[in-house]
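For reference, the structure discussed in these notes is given below.
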Amino acid sequence: MLPILYSDRFLEHLTGPYHPEKPERLTAIKRALEEMPGAEQLQWVSPTPLTQRDPLDWINQIHTTDYVQQVHSLAASGGSYLDPDTVVSPHSYEVALLAVNAWLDGVDQVLAHQSPAFVLARPPGHHAVPETGMGFCLFSNAAITAHYALTQPGIERVAILDWDVHHGNGTQAIVESHPQIAYCSLHQSPCYPGTGAAEETGLHGNVLNLPMPAGSTLADYESQFRDKIMPFFRDFKPDLLFVSAGYDANAVDPLAGINLIPQDYGVFTQYCLKLTPKILFGLEGGYDLSALAQSVTATIQACLRNSNTKI
């Protein structure tokens with residue numbers, strides 16, 4: 001069984017009728033996963049309620065107290081904007097806390113079963129820096145959870161692969177000084193947020209940025225996996241791999257210009273599984289609903305095929 005961490009509460013983060021990061025992203029994915037061949041192998045898992053686990057202890061290790069309080073206050077007062085792209089609605093604070101719990105639960109699931117899990121949550125997180133959210137992101141889910149993972153028995157090194165079409169500036173800012181966390185990002189360049197130059201390598205050589213020109217295809221991505229990503233992570237020897245799984249590098253996605261198709265994400269997943277079966281996938285971007293749903297399905301099916309092959 002492959003755990004899918006999900007709650008209908010993630011639909012309560014409301015961004016407005018024309019915002020690309022909308023609740024329909026999750027409903028499209030959920031519908032596709034429920035209808036796909038092999039759906040009976042998915043285990044839908046509700047995240048730990050906030051009454052049973054308060055994720056603030058972990059969030060406050062990453063984000064400033066002032067920023068966390070700002071999100072809380074904006075939500076409590078009826079909602080507002082952190083920037084022109086990043087919405088806080090009345091339920092966004094609690095939903096974002098629950099999303100962090102889902103990521104933490106994802107680590108627990110991966111370690112319990114020594115096999116992949118997928119966090120189907122929103123809001124996304126990889127643009128959120130310690131002092132503010134941006135780029136649709138409120139809390140830095142992957143970075144927060146990487147720090148949590150390092151407190152678990154047997155976990156000494158955590159790797160994060162970010163295949164979202166946009167550079168995860170928030171994740172990098174948080175982890176680049178941590179010698180036990182390695183971060184690799186493939187992202188369109190030039191593109192929002194304008195960070196992620198190849199020369200940015202982290203304080204311990206623990207960051208690998210791979211800027212991709214507009215129009216890049218699967219062949220371009222595969223050469224990066226073979227020649228750079230796989231050697232980088234194999235040298236690092238992670239005990240656990242996170243994937244900041246954005247699906248906005250699809251050719252039909254409205255916010256970027258990379259020419260992937262949904263099935264390509266199954267290929268990426270196969271590369272990841274060659275590194276370790278202990279993988280936590282967590283949703284980031286992806287804004288064409290059909291391509292997004294197909295891409296997540298391709299990721300999940302690659303994990304299931306790998307599991308079935310081993311059996």
Side-chain angles (χ1 to χ4, degrees), residues 4-34 44-51 54-56 59 63 66-106 118-129 131-142 144 164-166 168 170 192-193 244-248 253-256 282-293 295-296:
I4 308 291
L5 283 300
Y6 173 80
S7 170
D8 284 341
R9 288 220 62 197
F10 297 142
L11 308 178
E12 297 176 16
H13 170 58
L14 302 178
T15 52
Y18 303 108
H19 198 288
E21 203 296 285
K22 53 192 175 184
E24 289 83 356
R25 297 176 66 232
L26 296 196
T27 54
I29 295 168
K30 186 171 185 285
R31 184 181 311 113
L33 294 181
E34 289 173 339
W44 293 87
V45 180
S46 297
T48 300
L50 299 179
T51 53
D54 184 354
L56 278 175
I59 294 170
H63 293 287
D66 286 347
Y67 170 58
V68 175
Q69 184 56 49
Q70 179 189 15
V71 177
H72 185 208
S73 297
L74 287 177
S77 63
S80 186
Y81 289 80
L82 292 172
D83 66 21
D85 295 324
T86 310
V87 180
V88 177
S89 67
H91 295 291
S92 293
Y93 178 71
E94 287 194 352
V95 172
L97 293 182
L98 191 64
V100 172
N101 262 2
W103 279 73
L104 301 179
D105 289 337
F118 197 105
V119 181
L120 185 56
R122 53 186 292 276
H126 73 150
H127 293 309
V129 295
E131 64 276 6
T132 192
M134 57 185 289
F136 312 162
C137 301
L138 296 186
F139 298 137
S140 191
N141 301 316
I144 292 165
D164 191 282
V165 81
H166 303 102
Y192 180 90
S244 276
Y247 295 96
D248 36 10
D253 197 274
L255 298 190
L283 184 66
E284 297 284 2
Y287 306 103
D288 179 272
L289 297 183
S290 177
L292 171 63
S295 299
V296 175

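Heavy-atom basis, side chains included; hydrogens, waters and symmetry copies ignored.
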If we only count heavy atoms from C-beta on, is the [X] to [Y] side-chain gap below 4.5 Å?
| X | Y | value |
| --- | --- | --- |
| Leu50 | Pro55 | yes |
| Trp44 | Leu33 | yes |
| Pro23 | His13 | no |
| Phe10 | Leu98 | yes |
| Phe139 | Val71 | yes |
| Ile4 | Lys30 | no |

First locate atom [atom1] of [X], then atom [atom2] of [Y], and finally report the distance between them rounded to the nearest 0.5 Å.
| X | Y | atom1 | atom2 | answer |
| --- | --- | --- | --- | --- |
| Ile29 | Leu283 | CD1 | CG | 4.5 Å |
| Ser244 | His127 | OG | NE2 | 10.0 Å |
| Leu5 | Trp103 | CG | CH2 | 10.5 Å |
| Glu24 | Leu11 | CD | CG | 8.5 Å |
| Ile59 | Leu97 | CD1 | CG | 4.5 Å |
| Leu255 | Tyr287 | CG | OH | 6.5 Å |

Exercise. Begin from the C-alpha positions of Tyr93 and Val68 and carry the test side chain to side chain contact (heavy atoms under 4.5 Å, CB included) through to its verdict.
Key: CA-CA 9 Å; Tyr93 178 71; Val68 175; 4.0 Å; yes
Self-check item: Flag if over 12 foreign heavy atoms under 6.0 Å of CD, Glu94
Solution: no
Work out which heavy atom in [X] is nearest to a heavy atom in [Y]; give both atom names and the distance.
| X | Y | answer |
| --- | --- | --- |
| Val87 | His19 | CG2-CD2, 4.0 Å |
| Arg9 | His91 | NH2-ND1, 4.1 Å |
| Pro124 | Glu284 | CB-OE1, 3.5 Å |
| Gly125 | Asn141 | N-ND2, 3.7 Å |
| Ala128 | Cys137 | N-CB, 3.8 Å |
| Pro193 | Met134 | CB-CE, 4.3 Å |

Quiz prompt | Val95 vs Leu138, side chain to side chain contact (heavy atoms under 4.5 Å, CB included): CA-CA, chis, key distance, verdict | solution = CA-CA 10 Å; Val95 172; Leu138 296 186; over 6 Å; no
Quiz item: side chain to side chain contact (heavy atoms under 4.5 Å, CB included) between Ile144 and His63: does it pass, once the steps are laid out?
Solution: CA-CA 9 Å; Ile144 292 165; His63 293 287; 4.0 Å; yes
Quiz item: Taking it one step at a time, do Asn101 and Thr48 satisfy side-chain hydrogen bond (donor to acceptor under 3.5 Å, both in side chains)?
Solution: CA-CA 6 Å; Asn101 262 2; Thr48 300; 5.4 Å; no
Exercise. For side-chain hydrogen bond (donor to acceptor under 3.5 Å, both in side chains), just list the numbers for Glu21 and Thr15, CA-CA rounded to whole Å, side-chain angles, deciding distance to a tenth of an Å, and then say yes or no.
Key: CA-CA 7 Å; Glu21 203 296 285; Thr15 52; 5.4 Å; no
Practice problem: Measure centre to centre between the rings of Phe136 and Tyr192, then say whether the value is under 6.0 Å. | Solution: no
